[in-house]
Peer 1: 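Mind having a look at this structure? Questions to follow.
First the proteins, then the strands, lettered A, B, ... as listed; each starts at 1.
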Amino acid sequence: MTETVYALEARGIVKIFGNHVALDNVDFGLRAGEVHALLGENGAGKSTLIKILTGAYQPDGGTVLADGEPVHLDNPQQAQTHGIGTVYQEVNLLPNRSVAENLFLGHQPTRFGLVNRRKMETDARGILKRYGLDIDPSSELGAHSVAVQQIVAIARAVELSGKVLILDEPTASLDRNEVERLFDIIRDLRAQGLAVVFITHFLDQVFAIADRVTILRNGKLVETRALDDMTRTDVVRLMLGKDITFSGATGVEDARPMGEVLLDFANYGRKRSVQPFNLTIHKGEVIGVAGLLGSGRTEMARIMFGADAADEGTLEIGGQPASIARPTDAISRGFGFCPEDRKAEGIFGDLSVRENIIIALQGKLGWFSALNRDEQMEIAGRFGEAMDIRAASLDMPIKLLSGGNQQKVILSRWLATDPAFLILDEPTRGIDVGAHAEIVRTINRLRDEGLALVVISSELDEVVAYSSRIVVMRDREMVAELSGENINPGVIVQAIANHREGPSA
Amino acid sequence: QDLSGKVVGFSQIGSESGWRAAETSVTKQQAEERGIDLKFADAQQKQENQIKAIRGFIAQGVDAILVAPVVATGWDDVLAEAKDAEIPVILLDRGVDAPEDLYLTSVASDQVKEGRVAGQWLVDTVGSEDCKVVELQGTVGSTPAINRKQGFEEAIAGHDNISIIRSQTGDFTRSKGKEVMEGFIKAENGGGDICAVYAHNDDMAVGAIQAIKDAGLKPGEDILVVSIDAVPDIFTAIAAGEANATVELTPNMAGPAFDVLAAYLADGTMPEKFIITESKLYTSADDPEGEYERRKGLGY
Amino acid sequence: MSRSLRPLLATAIIFAIAYALAVMQFPSMFSTRVLGNFLTDNAFLGITAVGMTFVILSGGIDLSVGAVIGFTGVLIAVLISWAGWHPLAAFALALAIAATFGGIMGLAIHYLQVPAFIVTLAGMFLARGGASVITQDSVPINHDFYGWISDLIIRLPGGGRLSFIGLLMVAVFILGALLAHRTRFGSYVYALGGNAVSASLMGVPVARTTVGVYMLSSVLAALAGIVFSLYTSAGYPLAAVGVELDAISAVVIGGTLLTGGYGFVLGTFIGVMLLGLVQTYIIFDGTLSSWWTKIVIGGLLFLFIVLQRLIFAASAQGEKAS
Amino acid sequence: MRRILLRLANPQLIALVGVLLVNWLLFPNFFRVTWQDGRLFGSLIDVINRGAPVAILAIGMVGVIATKGVDLSVGAVMAMAGAVAATMVVAGYPAPVAVAAALAVGLACGLWNGFLVAVLDIQPIVATLVLMVAGRGIAQLITEGFIVTFTDPLLIFIGTGSFLGFPMAAVIAMALLLLVTLLVRRTAIGLFIEAVGINRAAASLAGIRSRMLLLLVYGLSGLCAAVAGIIVAGDIRGADANNAGLWLELDAILAVVIGGTSLLGGRFSVPLAVVGAIIIQAMNTGILVSGFPPEFNLIVKAALIFFVLVIQSPLASRIVPARVLNREACA
Ligand SMILES: Nc1ncnc2c1ncn2[C@@H]1O[C@H](COP(=O)(O)OP(=O)(O)OP(=O)(O)O)[C@@H](O)[C@H]1O
Ligand SMILES: Nc1ncnc2c1ncn2[C@@H]1O[C@H](COP(=O)(O)OP(=O)(O)OP(=O)(O)O)[C@@H](O)[C@H]1O
Ligand SMILES: [Mg+2]
Ligand SMILES: [Mg+2]
């Protein structure tokens, strides 16, 4: 057998965090001109492997080779000099700097030693155009949505990658069109002989673009092989180590009796944020919210929760007028809210998993009726088990958990408050198949238990699977409310796209 | 010989001690008595602020400037500017290292002499007995601390029975004076080995007296206390027999300054270049109660 | 208008209003003499504040600058007056020592992962202590070179003077602005202050940048020390006590966020001028006692901060509406 | 038991023991404590007595720092509280009234800072800088620049008295430590402070009233500063508005950081902050009894800070087993 020379290779990598083995003797080889999908459950070690390949972490064992030569990468900058461009999992850019600077940081064009800003911005505009983004390159990155930031991160990595491009869940916050465009670019790069690593939890995307696949489970290498001879079921079985059955994505039966009215938003809105909308929510139903990126779904959710106060319209809870001006009002009425940006608004990185779970409940209880450690342990343990949170210990800081597990912790946080109404903003973003199915199951279960839910999601199949009704947002305005047989992807897409159709609420 | 209606700028160092506050209030009093419009600028202990203040006075076109310089060096340029603008400058309570023609006069005490007077008192008091002295210095690097240390050392030089065994800074404050004295007492056999304490100002001495009492010793008897400034509180201590001697530093520097200024403005009479105020020694024999009463209204 | 330009604008407007008000009360404040003094008297503070701007932009803080000014002054005074060195040689040595000193602080901050506040506090003790170990006296400098520099003055009509050190400060501001806004190093500094983890993943040489920032701050503090010695023709171990707080105030009033990542070197310039304006106003007023001086400075500081916030909020509203 | 032992083996206590040992080498009688006039007497007692004001400031400061803030005004608040208490007793008010008024002033100052930070959303360092500058001026205004000397026995007792042989200041510090520790750890306040310090956006979405919390921590800091101010005034039997608490805010911050609380907010420990204050005072006392010339004070202090920091740094934890240096906040 001839030894292949890999563009980038990891041999026998071991990585240990505390007493948790994140990577156990993992081999991984990348050929030039291939798209290589790296798959595994949340916490399998994918991101960790990427960080070692790019010098962000130092391995505790094993070697990294570039073009067959062992290399020692002390930091991501060295990786860049080897022609490795990377998008790390959470968007890791600088919200305080301009889009152009984020694209070129460290490689800005200079003239007489000074950064040539004009050229940088022209170049940036050209690059962004390829991704269908028409934004001002001199604007601050933080002013743009997560999706835009994600695209900028990808563009940056592509620019830096002379040889290898690594994308760790780049599509988590992109819509279909943007994903398609990204795939075009990836195919292009592959044709030019680049090696591309692609991490995602969307199996469709894997099959759409990848040539080979490597699967990790619990920090161990399961298998690397060509994708041609594999089916989805194979992949899932390898990832989980067991079979799971897909629940068919069908709409909720119409026969279900509607519960009594829980919430009634009338002409509810906020100036310069969301146009007034009308929405009645019953107990035991899931309202799906669909819309393009930046269509104002998150802002609507924030207004419902009082994170931004509504400045017009009325709200009735259980038939009684109510006012919700801040989250504490909402929480005392039994609301809960899982925000979209987990890192910035969800987790308390240095607090333990246990504390992250009980904190909203404790907030509801107030300053002086503190849960003692045993009570906290009991609650956290209960949800940790129910949600299958993978953490070495409930006392470890949540920031050390993988993204999917963090999301489950935040969901647990709200379930612990025994809510009547839950708002979930992109609850399945960046979550593996197993956990994804689990969260969808949880949503269904909660609905059956009589909770009312509003779920924002960019995945239409998913929204369709659990929603009793779907509202569609466009340009910060609620433009449609769909129910019954209208709950199918085709109608939704039409509602999102159709400018003529008036609100049918 | 009338200064009324004249505008005089006064650049004061700050208000770091009771003595400084007294100097400020005495200066204001003196100005008021003479009908002077006094422009007061507090420099918050910073030389750069004093320079700014003087420049500001020049820009306003005042008739004269008083400065209590925070440090001796660094005044040449700004004094030259004042001279260019033909504004007479009088230095208060400290001299400066600048050509003498740049200022009208300097009204100040002789800080080295203050230290010497204190030292001489100790030499006279202990006679030929052995005496181990602990010293509470002022702020490290400040001019009075350097000079008062030097003067005291000059006075005890040649008297081998007297020696300074420990010397630390008490930052011119009561609480640091007390803390440092506590340390000295612990370090010197519970205070048994200390014969006298010399403090660069009265505030530190007052703190030290409390530390001595807390250690179960009698200040003024077991440990002699001598210090400088003559602020009201030290006279209370002298009256109670808890302090032995203090050297006066008068807060009235402005009075003589205004006098020579009046003469100068009237007919150009050049005053003496250095007007030295008296460094008078006060002990329990000098009517401490009376001195206390006389001083307590001065804004110490 | 870009989001980050707003605080800068706010500060500039406040300065203009405040100056106009002061001139209405004391017309002589509007003279070339006062304007020239603004530059000269605040030269060392301004130069220090440029370095502080970089440190704060990078998300750090440097408490040692005042002490470095004191140390540099004493060192060059002793070298020139006692050891007979030429001032330029003394300057070179002082700057080199400061660069080393800042570099070591940067290394400690990066590799020991100790907060900058504490490392530079220890640095402040060290530099101040070092100065008083060299000498406790204030040492006058009488060198022809010093006389020559202090004669380098552009006289303005109306009795004003533009001094060498005032112009030097302006030059440092211009160079600082170029460094911050037009070089890679500058972009690294902003990156570090924006998010250190992201910056490192994006390939910013974090260690080098951190060390560079503190070196720069110390070198500029040493330059400020040289300026201070030119200003006073002397070196004094207790010089410039508390200047770190003035510099930090100037930077923050100038619209730079203490948490790092946002701000402008030019804003700091306006911040320095604003502080100078307050002091000049108090001197012109001349009726405030020591304590009222403090209270008024605190009150004006408060006023500026609140005004800045209000203007900031108002312009944010306006932007959303547009 | 093992757990307790491991907890004791944290870097702060190692540093404290180190500093005390150095003191002992420099001054062999350092650990000698005798009984004199109904109270304990010795250098060790001086350390806890003199360390008490900074310890009390640190007790207040630690909550502020845990919320990602900092309170520069505590030194000035000390001066104000001392000035209020002293002028009131001199004016003839009963001492308890004067003390209550001084505490009220401290609380008001703290709430003012809290208001600026929580409601006006001003950066803590600048917000508290206002009071740091103006506060000392107000204190001087109250005393008119005098050192206001008093003879009131209660105030003097607070500053210099003793309880069961221990200095009153240390007893008060101890009591405050217990009280505040119970307040933050037996209620949810400690958790909420950490949550707000780590991620204020998430905290507010999780239903934590972060404004109230900020008002509380700044108020507490002001209150602690007032207590320290009364103690310092009682100690010298006079209110020295010019110098009381001058630069002590830096010592308090240093104490908190030596105590392992990050200036970036988050996890905090009140007892370790107090240990930090004691370490600082042990250094100061060590310098006093060692007999070094005073111009070396600052250099020695810098060296000691560096030593303490190196012990605590992640580098050291790579050399000493991580278990020993486990930094999990205690109490
Ligand atoms: N810095 C760290 N310290 C301690 N543990 C860590 C650290 N980083 C990751 N881990 C742990 O290592 C394991 C692998 O994490 P990693 O982020 O590589 O998973 P992943 O496969 O990328 O998961 P996801 O799909 O959720 O992103 C997880 O159990 C995680 O908790
Ligand atoms: N085309 C755009 N370019 C830049 N910024 C945008 C654009 N559209 C919206 N934004 C901003 O991005 C933010 C995202 O809005 P919001 O989160 O409410 O939308 P969303 O439908 O929830 O989108 P997402 O799927 O990204 O969460 C808003 O603050 C909005 O101002
Ligand atoms: Mg991952
Ligand atoms: Mg959204």
Side-chain angles (χ1 to χ4, degrees), chain B residues 7-16 20-21 24-25 28 37-62 69-78 80-81 84-85 96-98 137 139-143 145-147 149 169 299, chain C residues 26 28-29 31 33-34 36-37 40-42 44-45 70 74 77 128-129 131-132 135-142 146-147 150 159-161 163 228-243 246 276 279-294 297:
Chain B
V7 182
V8 176
F10 174 32
S11 167
Q12 176 60 294
I13 295 177
S15 58
E16 73 280 9
R20 186 69 56 196
T24 303
S25 62
K28 285 184 175 167
D37 176 9
L38 191 76
K39 293 257 175 196
F40 175 76
D42 177 294
Q44 319 277 338
Q45 270 76 40
K46 293 181 186 168
Q47 182 181 20
E48 58 270 27
N49 290 353
Q50 289 201 291
I51 296 178
K52 278 179 209 172
I54 298 172
R55 291 225 161 99
F57 293 145
I58 298 172
Q60 290 180 80
V62 297
V70 63
V71 55
T73 52
W75 302 96
D76 305 39
D77 286 355
V78 68
E81 272 179 52
D84 280 353
V96 300
D97 283 348
Q137 298 185 27
T139 306
V140 173
S142 67
T143 321
I146 297 167
N147 291 336
K149 182 174 178 56
T169 175
Chain C
F26 301 108
S28 58
M29 273 188 77
S31 65
R33 187 185 277 273
V34 171
N37 287 353
T40 308
D41 291 336
N42 295 302
F44 76 99
L45 177 61
V74 169
R128 195 63 80 184
S132 52
T135 176
Q136 298 198 32
D137 292 310
S138 66
V139 182
I141 305 174
N142 296 308
Y146 268 62
S150 59
R161 313 150 163 240
S163 62
F228 197 76
S229 83
L230 287 165
Y231 186 53
T232 61
S233 299
Y236 181 46
L238 295 184
V241 169
V243 162
D246 293 340
Q279 284 187 337
T280 310
Y281 176 80
I282 288 173
I283 291 164
F284 269 70
D285 179 72
T287 60
L288 297 180
S289 63
S290 300
W291 28 99
W292 277 109
T293 306
K294 293 193 178 81
I297 292 179

Peer 1: Any chance you could measure B/E81, atom CD, to C/N37, atom CG, to the nearest 0.5 Å?
Peer 2: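 If I round to the nearest 0.5 Å, the distance is 6.5 Å.
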Peer 1: Considering only heavy atoms, which portion of B/K52 lies under 4.5 Å from any heavy atom of chain C: side chain, backbone, both, or neither?
Peer 2: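 Both parts, heavy atoms under 4.5 Å.
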Peer 1: Do the charged groups of B/D84 and C/R161 touch, with an N to O distance under 4.0 Å?
Peer 2: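 Yes.
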Peer 1: What are the two closest non-hydrogen atoms of B/T73 and C/V139, and how far apart are they?
Peer 2: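 Heavy atoms only, the tightest pair is CG2-C, 4.1 Å.
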Peer 1: Between B/K46 and C/D246, is any pair of side-chain heavy atoms under 4.5 Å apart?
Peer 2: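 Yes, close enough: below the 4.5 Å cut-off.
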Peer 1: At a heavy-atom distance under 4.5 Å, which candidate from C/A77, C/S28, C/P140 has the highest pair count against chain B?
Peer 2: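 Among the listed options, the one with the most contacts to chain B is C/P140.
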Peer 1: Taking all non-hydrogen atoms of both residues into account, name the closest pair between C/S150 and B/D77 and its distance.
Peer 2: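 For C/S150 versus B/D77, the nearest heavy atoms are CB-OD2, 3.7 Å.
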Peer 1: Specify which of B/A41, B/A59, B/G61 makes the most heavy-atom pairs with chain C at under 4.5 Å.
Peer 2: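 Sorted descending by pairs with chain C, the first entry is B/A59.
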Peer 1: Which atoms form the tightest heavy-atom contact between B/Q44 and C/S290, and what is the distance?
Peer 2: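 It is NE2-O, 4.0 Å.
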Peer 1: Please look at B/E48 and chain C and tell me whether the side chain, the backbone, both or neither of the residue comes under 4.5 angstrom of a heavy atom of that chain.
Peer 2: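 Both backbone and side chain.
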Peer 1: With a 4.5 Å cut-off on heavy-atom pairs, point out which of B/V70, B/D97, B/T24, B/V71 contacts chain C the most.
Peer 2: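 Between B/V70, B/D97, B/T24, B/V71, the count favours B/V71.
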Peer 1: Test: ring pair (Phe, Tyr, Trp, His ring centres under 6.0 Å). Region: residues 39-59 of chain B. Which pairs qualify, not counting sequence neighbours?
Peer 2: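 Non-adjacent pairs meeting ring pair (Phe, Tyr, Trp, His ring centres under 6.0 Å): B/F10-B/F40.
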Peer 1: Nearest 0.5 Å, please: how far is CG in C/D137 from CD1 in B/I146?
Peer 2: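 Going from CD1 on B/I146 over to CG on C/D137, the span is 4.0 Å.
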Peer 1: Which answer fits C/Y231, side chain, backbone, both or neither, if we ask what part of it has an atom under 4.5 Å from a heavy atom of chain B?
Peer 2: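 For C/Y231, heavy atoms of backbone and side chain both lie under 4.5 Å from chain B.
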Peer 1: Side chain, backbone, both or neither: which part of C/V34 has an atom under 4.5 Å from a heavy atom of chain B?
Peer 2: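 Contact with chain B involves the side chain of C/V34 alone.
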Peer 1: If I measure from the heavy atoms of chain C, does B/S11 come under 4.5 Å with its side chain, its backbone, both, or neither?
Peer 2: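 Neither part; nothing is under 4.5 Å.
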Peer 1: Just list the side-chain donor-acceptor pairs under 3.5 Å for residues 280-289 of chain C, sequence neighbours left out, or say none.
Peer 2:
unit_1: C/T280; atom_1: OG1; unit_2: C/G276; atom_2: O; d: 2.7
unit_1: C/Y281; atom_1: OH; unit_2: C/Q25; atom_2: OE1; d: 2.6
unit_1: C/D285; atom_1: OD2; unit_2: C/T287; atom_2: N; d: 3.3
unit_1: C/D285; atom_1: OD2; unit_2: C/T287; atom_2: OG1; d: 2.6
unit_1: C/S289; atom_1: OG; unit_2: C/W291; atom_2: NE1; d: 3.3
unit_1: C/S289; atom_1: OG; unit_2: C/W292; atom_2: N; d: 3.4

Peer 1: Determine whether B/R55 and C/D41 make a side-chain contact, defined as any pair of heavy atoms from C-beta on separated by less than 4.5 Å.
Peer 2: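 With C-beta onward as the side chain, the pair touches.
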Peer 1: Would you mind telling me which of C/V243, C/L45, C/L238 has the largest number of heavy-atom pairs within less than 4.5 Å of chain B?
Peer 2: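 If we count pairs closer than 4.5 Å to chain B, C/L238 comes out on top.
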Peer 1: How far apart are the closest heavy atoms of B/A72 and C/S138, and which atoms are they?
Peer 2: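 So the minimum-distance heavy-atom pair works out to N-OG, 4.2 Å.
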